Enquirer: 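Input: one structure, supplied below.
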Amino acid sequence: MQKYIKVKNNLEELKLKQMHLHLDDAIEQYNSGNSTLTELLLVLTNYELKAKEERMINSCVRIAGFPYLKTTDDFDFNFQPSINKKQILGFKDMRFVDNKENILFIGNPGVGKTHLATSIGIEAAKNRRSTYFVSCNDLIMQLKKALLENRLEQRLKYYARMKLLIIDEVGYLPLDDVSSKLFFQLIAKRYEKNSTIITANKPLSEWTETFGDIVIANAILDRLLHHSHVIKIIGPSYRTKNILPKTNENTV
């Protein structure tokens, strides 16, 4: 009994929590003759390795900066029939990241663009692809700040080296000349090197309004659309699906 207690204490001291937690079950299996000593050790170490893997995945997801944790399982594909469910689920195999392809989600506010981008990003983080999520407005603010502090190149390199960069809400606010050029520099650095996911509420034909310059807008689109998947979501907003019917009923 003293040796058993010592083993338990050692496991706790070594922070081998899973081995500590499952030790009794493993010993019972061994004593019943259902497993060898080697099998017992394999089971216990597998528990630790699985826990370590989960901690690493959670850390990657946390560092990525997602606005929330939602997966494709949480998405109501029946509410948005314009979306090809098979295509979205296909992105989970990470081939688009490995092939350095981009994904552009285009649609009105509330149709699920950010949800889908986030769910794909979470999958990428879980599969050990460096991932970062940032809104377009925050991205521009950070790049402008870096420009003023003479460290723009360093900041651009930080974003450029991400295997998957998700830029949310492109087009919600028009960009000034400096902002448009900074955005172009980042896209140019990532071109054919890493994957980018964009969510935008304006059709691609109206991106000149967002960037304020047809040359810059075309240069950005030229790089984003080469090796890309453009997904146009045509449908109602999730945020108002339970409100608009009632509003319409009251106005009849």
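The structure presented is a predicted model; accordingly, all values stated were derived computationally and were not measured.
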Enquirer: Could you check whether any side-chain N or O of Glu169 sits under 3.5 Å from a backbone N or O of Cys136, counting only pairs where one atom can act as donor and the other as acceptor?
Expert: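 Here the side-chain-to-backbone pair does not exist.
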Enquirer: For atom OH of Tyr30, decide whether the heavy atoms of other residues, nucleotides or ligands shown that lie under 6.0 angstrom number more than 12.
Expert: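 Not more than 12 within 6.0 Å, no.
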Enquirer: Taking atom CD1 of Ile231 and atom CD1 of Ile197, what is their separation to the nearest 0.5 Å?
Expert: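 Answer rounded to 0.5 Å: 8.5 Å.
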Enquirer: More than 12 non-hydrogen atoms from neighbouring residues, nucleotides or ligands closer than 6.0 Å to NZ on Lys181, yes or no?
Expert: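 12 or below, so no.
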Enquirer: If I compare all heavy atoms of Asp74 with all of Lys70, which pair ends up nearest, and what's the gap?
Expert: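 Heavy atoms only, the tightest pair is OD2-CA, 3.5 Å.
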Enquirer: Side-chain donor-acceptor pair under 3.5 Å between Ser82 and Lys232, yes or no?
Expert: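 Per modelled atom types, Ser82 and Lys232 side chains form no pair under 3.5 Å.
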Enquirer: Under a 3.5 Å distance rule, please check whether Arg190 uses its side chain to pair with a backbone N or O of Tyr159 as donor and acceptor.
Expert: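 Side chain of Arg190 to backbone of Tyr159: a pair is present.
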Enquirer: Report the distance from atom CG of Leu44 to atom CD of Gln29, rounding to the nearest 0.5 Å.
Expert: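 If we round to the nearest 0.5 Å, Leu44:CG and Gln29:CD are 11.0 Å apart.
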Enquirer: Hey, is the main chain of Lys163 close enough, under 3.5 Å, to the side chain of Ser130 for a donor-acceptor pair?
Expert: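 Yes; at least one donor-acceptor contact below 3.5 Å.
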Enquirer: Should the heavy atoms of other residues, nucleotides or ligands under 6.0 Å from CD of Glu149 be counted, would the total exceed 12?
Expert: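 Yes, because the 6.0 Å sphere around CD of Glu149 holds more than 12 heavy atoms from other groups.
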Enquirer: Give the minimum heavy-atom separation between Leu147 and Leu152, together with the two atoms involved.
Expert: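 What the structure gives for the nearest pair is CD1-CD2, 3.8 Å.
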Enquirer: Please report the closest heavy-atom contact between Lys202 and Thr210, naming both atoms and the distance.
Expert: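 Heavy atoms only, the tightest pair is CD-OG1, 3.5 Å.
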Enquirer: I'd like to know if Asp168 and Lys113 make a salt bridge, using a cut-off of under 4.0 Å between side-chain N and carboxylate O.
Expert: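 Salt bridge: no.
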Enquirer: With a 3.5 Å distance limit and no angle check, can you tell me whether Thr114 reaches the backbone of Thr199 through a side-chain donor-acceptor pair?
Expert: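 Between the backbone of Thr199 and the side chain of Thr114 there is no qualifying donor-acceptor contact (under 3.5 Å).
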Enquirer: Would you call Leu41 and Thr38 a side-chain contact if the rule is heavy atoms closer than 4.5 Å?
Expert: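 When only atoms from C-beta onward are counted, Thr38 and Leu41 do not touch, as no gap falls below 4.5 Å.
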Enquirer: Check whether Asp176 reaches the backbone of Val178 with its side chain - one donor and one acceptor, N or O, closer than 3.5 Å.
Expert: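 Yes, the answer is positive, given that a donor and an acceptor are paired below the 3.5 Å cut-off.
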Enquirer: So, Glu48 side chain and Lys17 main chain: donor-acceptor pair closer than 3.5 Å or not?
Expert: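 Yes; at least one donor-acceptor contact below 3.5 Å.
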Enquirer: Search all heavy atoms of Ser180 against all heavy atoms of Ile220 and return the closest pair with its distance.
Expert: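 Shortest heavy-atom contact: O-CD1, 4.3 Å.
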Enquirer: Given side chains that start at C-beta, do those of Phe66 and Thr131 come closer than 4.5 Å, heavy atoms only?
Expert: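 Yes, side chains in contact.
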Enquirer: NZ of Lys8 to NE2 of His20: how many Å apart, nearest 0.5 Å?
Expert: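 Going from NZ on Lys8 over to NE2 on His20, the span is 4.0 Å.
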Enquirer: Using the side chain to side chain contact (heavy atoms under 4.5 Å, CB included) rule, take Leu186 and Leu165 through it: C-alpha gap first, then chi angles, then the decisive distance, then the call.
Expert: CA-CA 11 Å; Leu186 175 58; Leu165 178 65; 3.8 Å; yes
Enquirer: Side-chain heavy atoms under 4.5 angstrom apart, residues restricted to Ile, Leu, Val, Met, Phe, Trp, Tyr: same cluster for Met19 and Leu14?
Expert: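 As far as the 4.5 Å side-chain criterion goes, Leu14 and Met19 are connected within one cluster.
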Enquirer: Taking the side chain as C-beta and beyond, is there a heavy-atom pair between Lys144 and Ser179 under 4.5 Å?
Expert: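 They are in side-chain contact.
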Enquirer: Could you state the interatomic distance from CG (Leu139) to CZ (Arg155), rounded to the nearest 0.5 Å?
Expert: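 So the CG of Leu139 and the CZ of Arg155 are separated by 9.0 Å.
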Enquirer: Taking CD1 in Ile214 as the centre, count heavy atoms belonging to other residues, nucleotides or ligands within less than 6.0 Å. Is the count above 12?
Expert: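 Counting other residues, nucleotides and ligands, CD1 of Ile214 stays at 12 neighbours or fewer.
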Enquirer: What are the two closest heavy atoms between Met94 and Ile120, and how far apart are they?
Expert: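 Between these two residues, the closest heavy atoms are CE-O, 4.0 Å.
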Enquirer: Donor-acceptor check, side chain of Glu123 to backbone of Thr118, threshold 3.5 angstrom: yes or no?
Expert: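 No; zero donor-acceptor contacts below 3.5 Å.
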Enquirer: Can you find a pair of side-chain heavy atoms, one from Ile88 and one from Phe77, that are under 4.5 Å apart?
Expert: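 Yes, at least one pair of side-chain atoms sits under 4.5 Å.
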Enquirer: Test side chain to side chain contact (heavy atoms under 4.5 Å, CB included) on Gln80 and Val111 and set out the steps.
Expert: CA-CA 8 Å; Gln80 299 294 17; Val111 296; 3.6 Å; yes
Enquirer: Looking at CG of Asp73 and OG of Ser119, how far apart are the two atoms once the value is rounded to the nearest 0.5 Å?
Expert: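 Answer for the CG-OG pair, Asp73 versus Ser119, is 9.0 Å.
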Enquirer: Do side-chain atoms of Ser228 reach the backbone of Val230 as a donor and acceptor pair under 3.5 angstrom?
Expert: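 No, because the side chain of Ser228 does not come within donor-acceptor range (under 3.5 Å) of the backbone of Val230.
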Enquirer: Does Phe211 belong to the same Ile/Leu/Val/Met/Phe/Trp/Tyr cluster as Leu182, with side-chain heavy atoms less than 4.5 Å apart forming each link?
Expert: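 Yes, one cluster joins them.
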Enquirer: Give the intermediate values and the outcome of side chain to side chain contact (heavy atoms under 4.5 Å, CB included) for residues Tyr172 and Asn137.
Expert: CA-CA 9 Å; Tyr172 278 79; Asn137 185 56; over 6 Å; no
Enquirer: So Leu224 and Trp207, do their side chains get closer than 4.5 Å, heavy atoms only?
Expert: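 Side chain of Trp207 against side chain of Leu224, heavy atoms only: contact under 4.5 Å found.
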Enquirer: What's the separation between atom CD1 in Ile234 and atom CD1 in Ile83, rounded to the nearest 0.5 Å?
Expert: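 The CD1 atom of Ile234 sits 10.5 Å away from the CD1 atom of Ile83.
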Enquirer: Using the rule that Ile, Leu, Val, Met, Phe, Trp and Tyr join whenever any side-chain heavy atoms are under 4.5 Å apart, tell me whether Ile27 and Leu11 fall into a single cluster.
Expert: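 Yes: a chain of side-chain contacts under 4.5 Å links Ile27 to Leu11.
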Enquirer: Could you check whether Lys189 pairs with Glu153 (Lys NZ or Arg NE/NH1/NH2 to Asp/Glu carboxylate O, under 4.0 Å)?
Expert: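 Yes.
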Enquirer: With the side chain counted from C-beta on, respond yes when Val97 and Asn127 share a heavy-atom pair under 4.5 Å apart, and no when they do not.
Expert: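 No; the side chains remain at least 4.5 Å from each other.
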Enquirer: Is a donor on one side and an acceptor on the other found under 3.5 Å between the side chain of Asn201 and the backbone of Pro109?
Expert: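 No.
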Enquirer: Linking I/L/V/M/F/W/Y whenever any side-chain heavy atoms sit under 4.5 Å apart, do Phe183 and Leu173 land together?
Expert: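 Not linked; separate clusters.
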Enquirer: Donor-acceptor check, side chain of Asn31 to backbone of Glu28, threshold 3.5 angstrom: yes or no?
Expert: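 Checking the backbone N and O of Glu28 against the side chain of Asn31, no donor-acceptor pair under 3.5 Å is found.
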Enquirer: Will you find, in the side chains of Asp24 and Tyr4, an N or O donor that is under 3.5 Å from an N or O acceptor?
Expert: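 Yes.
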Enquirer: Kindly work out whether a path of hydrophobic side-chain contacts (I/L/V/M/F/W/Y, heavy atoms less than 4.5 Å apart) joins Leu156 to Tyr191.
Expert: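 Leu156 does not cluster with Tyr191.
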